[in-house]
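Computed over heavy atoms, backbone and side chain alike; hydrogens, waters and symmetry mates excluded. As the structure is a computational prediction, the values presented were derived from the model and not from experiment.
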Amino acid sequence: MNPFRLQSSFFLALLAGILVLTFFIFRPYAGLLIFSGVLAVVVKPVYLKILRVCGNREVPAALITLLAVFVVILAPLIFLSLRFFEEAWALYGQIAGGAGGIGLFETLKTFFGRYPDIFNQGALDVAEYSKQLLGWLLGNVGSVFSSIASFVFSLFLSLFAFYYFLKDGARLKEALAVLSPLEDGDDKAIFERVERAIVSVVNGMLVVAIIQGILLGVGFQLFGIPNPIFWGTVSVVAALIPMIGTALVTLPGAIYLLV
């Protein structure tokens, strides 16, 4: 058997095995890497301006852009999450009749008690069951914090990948162009069109989310739901969540109005 062919076959099999193992290693983090790459494409114009200000020094420019993204995007998300739990606890206190108040459930019982022929005792128990359900949900909020370590690690990995996508993005495209069998001009055109498509989709999602948040905040204000500005802001973030969207805010608002 030809030794050269045997060596080539062994090398290709070894390379294929390494690629498969690499795929399974990075598979759990594929979503984070894609998110970091998309974010790097969106903020690329800002990075290029900062790069010129920094005298074409990539490391400080990437770090400044990373800090700006954290302050502009991630810090408000953390603040909104904390406020969301605060509002949930406040709502629970109002429903349960805490802080010296009557409470929505007590009001329901009083209202239903005026019409015993229409609302039976089973209907009165709905309020108590709902109170217990809400209390159980809020009581298990602590389980969410058990995943803080995973969240922090995912956040670190996203920021780490985002930094290197900014710093070495141009060299990464050059490496892909070298590996591509297409002409350099075709590779450049493909990269530019992909970047324009990503920016257009992200900008469109942001505009639609902001419009939905404004409309929902106005609606909450008109119908007397507390803190309409806060919930409108939360709905902007919720609108960016696939399969959930603004239902995360509108459904509780509808239940509040129904009660």
Side-chain angles (χ1 to χ4, degrees), residues 11-12 14-81 149-210 236-243:
F11 173 76
L12 291 176
L14 182 62
L15 179 61
I18 293 175
L19 291 176
V20 171
L21 291 177
T22 304
F23 170 76
F24 282 106
I25 291 174
F26 284 96
R27 183 179 179 183
Y29 312 109
L32 296 176
L33 295 176
I34 293 174
F35 170 77
S36 301
V38 170
L39 188 60
V41 171
V42 173
V43 302
K44 180 181 177 181
V46 178
Y47 167 72
L48 293 178
K49 292 180 180 178
I50 297 176
L51 183 63
R52 289 194 293 268
V53 173
C54 295
N56 293 325
R57 290 179 294 177
E58 297 176 344
V59 173
L63 289 176
I64 293 174
T65 307
L66 176 62
L67 180 61
V69 169
F70 180 82
V71 172
V72 173
I73 298 179
L74 297 180
L77 289 179
I78 296 174
F79 171 76
L80 288 176
S81 300
S150 176
F151 170 77
V152 171
F153 175 74
S154 299
L155 178 62
F156 172 79
L157 181 61
S158 298
L159 296 177
F160 185 81
F162 173 72
Y163 167 80
Y164 278 100
F165 277 132
L166 285 177
K167 177 176 173 292
D168 300 322
R171 285 185 285 273
L172 178 61
K173 289 195 299 183
E174 292 177 358
L176 293 176
V178 171
L179 296 175
S180 174
L182 301 177
E183 296 291 337
D184 292 342
D186 295 333
D187 292 329
K188 182 179 179 180
I190 292 175
F191 289 142
E192 291 178 352
R193 291 189 179 184
V194 170
E195 290 181 1
R196 286 200 300 266
I198 291 175
V199 173
S200 300
V201 171
V202 173
N203 289 340
M205 292 175 59
L206 290 176
V207 170
V208 172
I210 292 173
V236 173
V237 180
L240 301 175
I241 303 177
M243 305 299 295

TODO: For Cys54 and Ile64, work out which heavy atoms get closest and say how close.
DONE: SG-CD1, 3.9 Å
Open item on the list: Is any side-chain heavy atom of Lys44 closer than 4.5 Å to one of Phe165?
Closed with: no
TODO: Step through the shown structure and confirm whether more than 12 heavy atoms of other residues, nucleotides or ligands are within 6.0 Å of CZ on Phe35.
DONE: no
Open item on the list: Measuring from atom CZ of Arg27 to atom CD1 of Ile25, what distance do you get when rounded to the nearest 0.5 angstrom?
Closed with: 13.5 Å
Open item on the list: Working to the nearest 0.5 angstrom, can you tell me the gap between Leu159 CG and Tyr163 OH?
Closed with: 12.5 Å
Task: Gap between atom CG of Leu67 and atom CD1 of Ile50 - 0.5 Å precision - done: 9.5 Å
Task: Closest contact, heavy atoms only, Leu33 versus Ala161 - done: CD2-CB, 3.7 Å
Open item on the list: Using the side chain to side chain contact (heavy atoms under 4.5 Å, CB included) definition, which of the options Val208, Val201, Val207, Asn203 pairs with Met205?
Closed with: Val201
TODO: For residues Phe23 and Leu19, determine if any side-chain heavy atom of one lies less than 4.5 Å from a side-chain heavy atom of the other.
DONE: no
- [ ] Any chance you could measure Ile198, atom CD1, to Ile34, atom CD1, to the nearest 0.5 Å?
- [x] 10.0 Å
TODO: Return yes when atom CD of Glu183 has more than 12 non-hydrogen atoms of other residues, nucleotides or ligands closer than 6.0 Å, and no otherwise.
DONE: no
Task: Residue Arg193 excluded, over 12 heavy atoms near CZ under 6.0 Å - done: no
Task: Inter-residue atom distance Leu32.CG - Phe160.CZ, 0.5 Å rounding - done: 13.5 Å
Task: Heavy-atom pair with the smallest gap, counting every atom of Val199 and Val42 - done: CG2-CA, 4.4 Å
- [ ] Output all residues satisfying salt bridge (charged side-chain N to carboxylate O under 4.0 Å, His left out) with Lys173, sequence neighbours left out; order by chain, then residue number.
- [x] Glu195
Open item on the list: Quick one, Val41 with Val194, criterion side-chain contact (heavy atoms from CB on, under 4.5 Å). Give me CA distance, side-chain angles, the key distance, then yes/no.
Closed with: CA-CA 10 Å; Val41 171; Val194 170; over 6 Å; no
Task: Straight-line distance of Lys167 NZ to Thr65 OG1, nearest 0.5 Å - done: 13.0 Å
Task: Under 3.5 Å: donor-acceptor pair, side chain of Ser158, backbone of Ser36 - done: no
